[in-house]
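See below for the structure under consideration.
Whatever order the structure lists ligands and atoms in, that order sets their numbers, starting from 1. Note that the structure is a prediction, hence the values are computed from the model and not measured.
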Amino acid sequence: MRSTPKSMRLHIGIFGRRNVGKSSLLNAMTRQQVSIVSDFAGTTTDPVEKPMELLPLGPVLFIDTAGLDDVGALGALRTERTRAVFDRVDLGVIVCDAGRWDAFEDGILEELRSRDVPVVAVFNKDDLGAPDAALLETLAAQKVSTVRTVASENTGVLAFRQALLDAAPADFIENPAIVSDLVGPGEMAVLVVPIDKEAPKGRLIMPQVQSIRDLLDGDAYCLVVKERELRDALGRLNRPPKLVVTDSQAFLKVAADTPPEIPLTGFSILFARYRGDLVAQVAGALAIETLQPGDRILIAESCSHHPIADDIGRVKIPRWLTQYVGGKLEFDTVQGHDFAVDLTPYKLVIHCGACVTNRRAMLSRILKCRQAGVPVTNYGLAIAYSLGIFERALEPFPAALELFQAQAGHKG
Ligand SMILES: Nc1nc2c(ncn2[C@@H]2O[C@H](COP(=O)(O)OP(=O)(O)OP(=O)(O)O)[C@@H](O)[C@H]2O)c(=O)[nH]1
Ligand SMILES: [Mg+2]
């Protein structure tokens with residue numbers, strides 16, 4: 001895995017009184033004994049930093065702080081070290097225990113607010129006491145999301161993850177590049193766009209348009225062809241393109257017509273990275289290997305287009321997967337913004353490229369699947385897997401490729 005420079009990590013500061021369970025919460029999140037925990041108030045004395053990959057958020061740096069003493073709230077906040085932490089966090093977590101939130105916690109909230117830092121309030125030791133409804137309302141009115149945890153029992157950790165995801169600043173969540181970073185300035189990508197009966201009249205679809213725009217923004221250029229003309233078009237270039245990107249439905253033909261030394265992927269795989277979590281969704285695709293005839297699969301679409309005769313989600317993916325598994329599978333479909341489905345009957349969720357939603361919404365869905373213990377992948381990844389060109393389509397993405405190869409190696 002590539003290491004992320006510290007400055008690129010979302011800095012999450014954990015603040016609160018002594019002994020409320022700040023260090024326990026950090027340990028529960030990391031599943032490691034990062035910070036020493038004890039029932040002696042004042043256990044943590046210096047800020048403890050823990051870099052980690054926090055699914056599905058990405059690279060973060062947790063900073064566990066010394067308990068800010070409860071005498072003279074703001075006075076205590078004036079200690080130099082703590083102030084330095086306030087100044088460098090992108091997101092603040094205020095931990096209190098047994099539902100106790102008063103002027104002291106409000107003081108921390110003020111400090112973070114004055115720096116425009118989003119805040120998550122954690123009511124830890126929920127086993128010993130819960131916050132009252134009026135308090136929760138007051139915090140909600142201030143746009144502070146609240147979570148209840150029992151850190152010592154690892155309870156509420158997933159809800160805490162979701163709250164961090166909800167509160168994280170947009171510029172951290174939204175990926176800057178769709179494809180231009182894989183191509184580079186002055187270099188070329190070839191985009192393969194089949195014009196079949198599924199293609200809307202008179203225009204291109206969102207992922208294609210956005211990819212073209214992203215290449216232009218990145219000072220790269222592109223050639224857009226249908227799959228039939230690809231071989232001829234590649235033959236005319238005096239230097240190979242950096243990348244070929246195809247609509248997933250044309251994967252087989254495009255793979256056959258693209259020389260093996262030219263990297264190849266699909267729009268939908270680019271969108272797994274741009275709008276979702278590529279590594280998590282590659283891990284989800286690996287679950288196709290364990291599918292059995294009779295298993296139930298959920299096809300999820302963010303938008304609500306009218307399905308046509310040869311619809312990708314309703315006809316093509318079910319057909320390819322059924323062929324791969326070698327027996328009948330059960331498919332259900334959900335459409336639109338609502339993802340309030342009971343996921344427990346499903347062995348796999350296959351999501352569209354999510355071109356009409358934002359990344360935070362897609363990451364929430366991935367988290368929801370994770371919470372339910374159901375693997376989640378996307379259209380392009382599922383297609384590439386069931387057509388047997390998964391490895392090739394992942395070549396431009398080292399971390400994802402590594403994950404696949406580890407499993408392939410494991411299988412023997
Ligand atoms: N009952 C209960 N005990 C908890 C919970 N979380 C943590 N504890 C206990 O509370 C005590 C304090 O936990 P710490 O994680 O050290 O608290 P802290 O906020 O880091 O404390 P300082 O470093 O001293 O500021 C320990 O004995 C924990 O085991 C919880 O949810 N419920
Ligand atoms: Mg501590």
Side-chain angles (χ1 to χ4, degrees), residues 9-52 54 60-112 117 119-133 135-136 139 144-164 167 371:
R9 293 181 177 276
L10 185 78
H11 285 41
I12 304 175
I14 305 177
F15 307 100
R17 290 174 209 265
R18 293 175 301 166
N19 219 37
V20 292
K22 300 180 297 299
S23 300
S24 303
L25 185 68
L26 176 61
N27 293 348
M29 284 302 276
T30 55
R31 297 168 202 258
Q32 287 173 16
Q33 298 306 308
V34 173
S35 235
I36 298 170
V37 166
S38 85
D39 52 15
F40 159 77
T43 303
T44 310
T45 50
D46 288 318
V48 173
E49 294 193 353
K50 173 67 185 173
M52 70 179 286
L54 183 67
V60 304
L61 181 78
F62 276 110
I63 310 167
D64 180 19
T65 64
L68 298 159
D69 214 330
D70 55 347
V71 282
L74 287 171
L77 297 178
R78 266 174 222 120
T79 64
E80 229 172 280
R81 274 219 168 95
T82 311
R83 201 166 266 286
V85 178
F86 277 125
D87 285 341
R88 68 193 173 97
V89 295
D90 306 305
L91 198 164
V93 176
I94 304 174
V95 186
C96 65
D97 65 352
R100 277 188 297 155
W101 179 291
D102 56 33
F104 179 77
E105 283 74 19
D106 278 332
I108 302 176
L109 181 58
E110 258 323 296
E111 288 288 328
L112 291 164
V117 170
V119 176
V120 171
V122 175
F123 288 90
N124 189 42
K125 304 199 188 181
D126 201 45
D127 52 325
L128 302 182
D132 61 47
L135 172 58
L136 292 177
L139 288 172
V144 175
S145 45
T146 52
V147 202
R148 291 161 61 172
T149 58
V150 183
S152 51
E153 307 284 331
N154 295 334
T155 305
V157 170
L158 279 166
F160 182 45
R161 271 176 206 263
Q162 178 69 55
L164 292 175
Q371 230 155 334

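- With respect to atom 4 (C) of ligand 1, the closest heavy atom belonging to the protein is Ser152 OG, 3.4 Å.
- Summarising the geometry of Gly99 relative to Leu135, their closest heavy-atom pair is O-CD2, 4.1 Å, with the distance given to 0.1 Å.
- Closest approach of Ser23 and Asp64 over heavy atoms only: OG-OD2, 2.5 Å.
- Of the protein's non-hydrogen atoms, Lys125 NZ, 3.1 Å is the one closest to atom 10 (O) of ligand 1.
- Atoms of ligand 1 lying under 4.0 Å from any heavy atom of Asn19, numbered from 1 in the order shown and given with element: 11 (C), 12 (C), 17 (O), 18 (P), 19 (O), 21 (O), 22 (P), 24 (O), 25 (O).
- With Lys22 contributing its side chain and Arg17 its backbone, the two residues share a donor-acceptor pair below 3.5 Å.
- When hydrogens are left out, the protein atom nearest atom 15 (O) of ligand 1 is Ser24 OG, 2.6 Å; that is the closest non-hydrogen contact.
- Within ligand 1, counting atoms from 1 as listed, the ones closer than 4.0 Å to a heavy atom of Ser23 are 15 (O), 18 (P), 20 (O).
- Using a 4.0 Å cut-off to heavy atoms of Val150, the atoms of ligand 1 that qualify are 30 (C), 31 (O), 32 (N).
- Annotation: side chain of Asn27 is in contact with side chain of Ser35 (closest heavy-atom distance under 4.5 Å).
- Side chain of Arg148 to backbone of Asp127: no donor-acceptor contact under 3.5 angstrom is found.
- Using a 4.0 Å cut-off to heavy atoms of Ser38, the atoms of ligand 1 that qualify are 11 (C), 12 (C), 13 (O), 16 (O), 26 (C), 27 (O).
- Counting atoms of ligand 1 from 1 in the listed order, those under 4.0 Å from a heavy atom of Asp127 are 1 (N), 2 (C), 30 (C), 31 (O), 32 (N).
- Residues Ile94 and Trp101 form a side-chain contact, since some pair of their non-hydrogen atoms from C-beta on lies under 4.5 Å apart.
- Closest non-hydrogen pair, Val157 versus Ala28, comes out as CG2-CB, 3.8 Å.
- The proximity of Leu25 to ligand 1, defined as any non-hydrogen pair under 4.0 Å, does not occur for either the backbone or the side chain.
- For atom 6 (N) of ligand 1, the nearest protein heavy atom (residue, atom name, distance) is Asn124 ND2, 3.1 Å.
- Here the heavy atom of the protein found nearest to atom 29 (O) of ligand 1 is Val37 CG1, 3.8 Å.
- Here the shortest heavy-atom pairing between Val89 and Val117 reads O-CG2, 3.6 Å.
- The side chain to side chain contact (heavy atoms under 4.5 Å, CB included) test applied to Val147 returns Val120, Thr149, Ala159, Phe160, Ala163, not counting sequence neighbours.
- Here Asp90 pairs with nothing under the side-chain hydrogen bond (donor to acceptor under 3.5 Å, both in side chains) rule; sequence neighbours left out.
- Residue contact check: Ala151 has heavy atoms under 4.0 Å from atoms 6 (N), 31 (O) of ligand 1.
- Under the rule for a side chain to side chain contact (heavy atoms under 4.5 Å, CB included), the partners of Asp97 that lie at least two apart in sequence or sit in another chain are Val20, Arg100, Lys125.
- The two residues Ser38 and Asn19 make their nearest non-hydrogen contact at O-OD1, 3.3 Å.
- Of the protein's non-hydrogen atoms, the one nearest atom 25 (O) of ligand 1 is Lys22 NZ, 2.8 Å.
- Set against the non-hydrogen atoms of Leu128, the atoms of ligand 1 under 4.0 Å away are 1 (N).
- At the shortest separation from atom 17 (O) of ligand 1 among protein heavy atoms lies Gly21 N, 3.1 Å.
- Within 6.0 Å of CG on Leu158 lie more than 12 heavy atoms contributed by other residues, nucleotides or ligands.
- The distance cut-off of 2.8 Å around the Mg ion (ligand 2) captures these protein N, O or S atoms, sorted by chain and number: Ser23 OG, Thr44 OG1.
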